[in-house]
J.: 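Below is a structure I'd like to ask you about.
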Amino acid sequence: MTPLHGEFGVRLDVESVAGLDIGLLRGLIDSHSLVYIPGGASGDDDHLELTRRLGEPEEDHVLLGRQGRVGWFGTVGNVRPDGTVLGNDHENTLFQSGNTMWHSDSSFRAVPTYVSITCAYITPDEGGETLFASQRTAWDRLEPSFRERLEPLVVIHDYVYSRSKVAPVAPSHAASVPPVRQRLVRRNPASGARNLYVGSHAREIEGWPFSAGRALLDDLVAGITADEHVYVHRWQPGDLLIWDNRCLLHRGSGYDADRFRRYMRQTRVRGAGPTLEE
């Protein structure tokens, strides 16, 4: 195993994810937050099987909200399953540009995501990287007195608030993801390690004036994502990445969808329960 960054992340070289020890993988997720398996992408069947071995798959909220259908996969990129390619001006490309904001997947759900699992099949020659930053090491950098101030706070996470900044959210989709309350400070159940829990879906701090809450949330994200604390993953076909949404923020870097093709598949594993019960 090889470290990816001084603060988090590990590269794991295995012959096949089918034979991967799930106990080992869970331990790596708890301790390293991000697991990179080069050559681990081997199709949707193996991908979904790995997802189920890690826990309960989480429904794709876009498909559920827009069409009322349950599906486990989301497609990241501009190449659709039928082979058609979408350009920069297509509504789906514009909608996916929301991924360029620092966020934690499904923090807008009452039970947010445990991990995301993404497999890359077609990657652009320029751009399209994914950036990661640890909210756990950011917590460790804070002064003890500031930690005490943050510990009891509750934050309202709102998908419509964040994604409306880049594209309209369909009414049925918006109704399916109402604002939820989340702890600002979470704890890893295995190690007890604490971390911040913010990002683009975090709208305001409960009980605070909106402007004061926004100022604090923005300052926290800026500290978490300072350049020296960020790992940049440059995708290659065959890559498989698993990341812990309980404690990592991530964002896409964007790419030119008129010039390049991108096709990646993602599943998510549902978390153990509401953060307020942690």
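Atom set for the values below is all heavy atoms of this structure, side chains included, hydrogens, waters and symmetry mates excluded. Just so it is clear, the structure is predicted and the values come from calculations on it, not from any experiment. All residue numbers refer to positions in the sequence shown, counting from 1.
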J.: Assess whether a salt bridge exists between Arg80 and Asp82, defined as any Lys/Arg side-chain N lying under 4.0 Å from an Asp/Glu carboxylate O.
T.: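 Between Asp82 and Arg80 there is no salt bridge, as every charged N stays at least 4.0 Å from the carboxylate O atoms.
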J.: What pairs meet the ring pair (Phe, Tyr, Trp, His ring centres under 6.0 Å) rule with one or both residues in residues 13-36, with sequence neighbours excluded?
T.: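 Pairs touching residues 13-36 that pass the test: Tyr36-His233.
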J.: Give a yes or no on whether the backbone of Arg109 and the side-chain of Gln182 come within a donor-acceptor separation of less than 3.5 Å.
T.: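 Between the backbone of Arg109 and the side chain of Gln182 there is a qualifying donor-acceptor contact (under 3.5 Å).
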J.: Mark yes or no for whether Arg187, through its side chain, and Ala193, through its backbone, hold a donor-acceptor pair below 3.5 Å.
T.: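 Here the side-chain-to-backbone pair does not exist.
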J.: Using atom types as modelled and distance alone, determine if a side-chain donor or acceptor of Asn78 lies under 3.5 Å from a backbone N or O of Phe260.
T.: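 Flag set: sc Asn78 to bb Phe260 pair under 3.5 Å.
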J.: So, taking the atom named CZ in Arg149 and the one named CG in Leu216, what distance separates them when rounded to the nearest 0.5 Å?
T.: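 Result: 6.0 Å between the selected atoms.
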J.: Could you point out which residue of Leu241, Val230, Leu249 forms a side chain to side chain contact (heavy atoms under 4.5 Å, CB included) with Phe132?
T.: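 Exactly one pass, corresponding to Leu241.
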J.: Give a yes or no on whether a salt bridge exists between Asp239 and Arg234, defined as a side-chain N under 4.0 angstrom from a carboxylate O.
T.: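 Looking at Asp239 and Arg234, the cut-off is not met.
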J.: Any donor-acceptor pair under 3.5 Å linking the side chain of Arg136 with the backbone of Phe8?
T.: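 Pair absent, no side-chain N/O of Arg136 close to backbone of Phe8.
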J.: Suppose the criterion is ring pair (Phe, Tyr, Trp, His ring centres under 6.0 Å): which pairs have a residue in residues 185-204, not counting sequence neighbours?
T.: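 Qualifying pairs: His103-His201, Phe108-His201, His157-Tyr197, Tyr159-His201.
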J.: Going by the rule salt bridge (Lys or Arg N to Asp or Glu O under 4.0 Å), which residues pair with Arg181 if we only count those two or more places apart in sequence or in a different chain?
T.: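 Checked Arg181 against salt bridge (Lys or Arg N to Asp or Glu O under 4.0 Å); matches are Glu206.
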J.: Got Ile156 and Pro179 here, is their nearest side-chain heavy-atom distance under 4.5 Å?
T.: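 When only atoms from C-beta onward are counted, Pro179 and Ile156 do touch, with a gap below 4.5 Å.
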J.: Does Glu91 CD have over 12 foreign heavy atoms under 6.0 Å away?
T.: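 Check fails, neighbour count at 12 or below.
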J.: Where the side chain of Ser116 meets the backbone of Trp243, is there a donor-acceptor pair that is under 3.5 Å apart?
T.: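 Not a single qualifying donor-acceptor pair exists.
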J.: Could you tell me whether Arg270 and Glu59 have a side-chain N and a carboxylate O separated by less than 4.0 Å?
T.: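 Judged by the 4.0 Å cut-off on N to carboxylate O distance, Arg270 and Glu59 do form a salt bridge.
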J.: Are Arg163 and His173 close enough that a side-chain donor and a side-chain acceptor fall under 3.5 Å?
T.: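 Short answer, no.
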J.: If you measure from CG on Leu184 to CD1 on Ile205, what distance do you get to the nearest 0.5 Å?
T.: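 Result: 6.0 Å between the selected atoms.
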J.: So, does Asn245 use its side chain to make a donor-acceptor pair with the main chain of Ser104 at under 3.5 Å?
T.: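 Not confirmed, Asn245 side chain does not pair with Ser104 backbone.
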J.: Under a 3.5 Å cutoff, is there a donor and acceptor pairing between the side chains of Gln266 and Arg268?
T.: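 Looking only at side-chain atoms, Arg268 and Gln266 do form a donor-acceptor pair, the distance falling under 3.5 Å.
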J.: As an exercise, state the distance from CD1 of Ile22 to CD1 of Ile29, rounded to the nearest 0.5 Å.
T.: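 Rounded to the nearest 0.5 Å, the CD1-CD1 separation comes to 8.0 Å.
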J.: Side-chain donor-acceptor pair under 3.5 Å between Asn188 and Asn195, yes or no?
T.: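 No - no donor-acceptor pair under 3.5 Å links their side chains.
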J.: Any donor-acceptor pair under 3.5 Å linking the side chain of Arg11 with the backbone of Ile37?
T.: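 The answer is no, because no donor-acceptor pair under 3.5 Å joins these two groups.
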J.: Is it true that a side-chain atom of Thr275 and a backbone atom of Arg183 form a donor plus acceptor pair closer than 3.5 Å?
T.: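 Present.
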J.: Please check: side-chain N/O of Gln96 versus main-chain N/O of Thr75, any donor-acceptor pairing under 3.5 Å?
T.: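 Between the backbone of Thr75 and the side chain of Gln96 there is a qualifying donor-acceptor contact (under 3.5 Å).
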J.: Within this structure, what is the CG-CG distance for the pair Asp46 and Leu20, rounded to the nearest 0.5 Å?
T.: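 Rounded to the nearest 0.5 Å, the CG-CG separation comes out at 12.0 Å.
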J.: For the atom pair OG (Ser33) and NE2 (His250), what is the distance rounded to the nearest 0.5 Å?
T.: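 Reported to 0.5 Å precision, the distance equals 13.5 Å.
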J.: Check Val180 against Ser107 and note the closest heavy-atom contact, atom names and distance.
T.: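 In terms of heavy atoms, the two residues are closest at CG2-O, 3.8 Å.
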J.: What is the distance from atom CG of Leu50 to atom CD1 of Ile242, rounded to the nearest 0.5 Å?
T.: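 The CD1 atom of Ile242 is 5.0 Å from CG of Leu50, to the nearest 0.5 Å.
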J.: Would a distance-only check, ignoring hydrogens and angles, find a side-chain to backbone donor-acceptor pair under 3.5 Å from Tyr121 to Gly43?
T.: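 Yes.
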J.: So, Asp105 versus Thr113: side-chain donor-acceptor pair below 3.5 Å or not?
T.: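 Side-chain D/A pair, Asp105 to Thr113: absent.
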J.: Any ion pair linking Glu278 and Arg186 (charged N to carboxylate O, less than 4.0 Å)?
T.: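 A salt bridge links Arg186 with Glu278.
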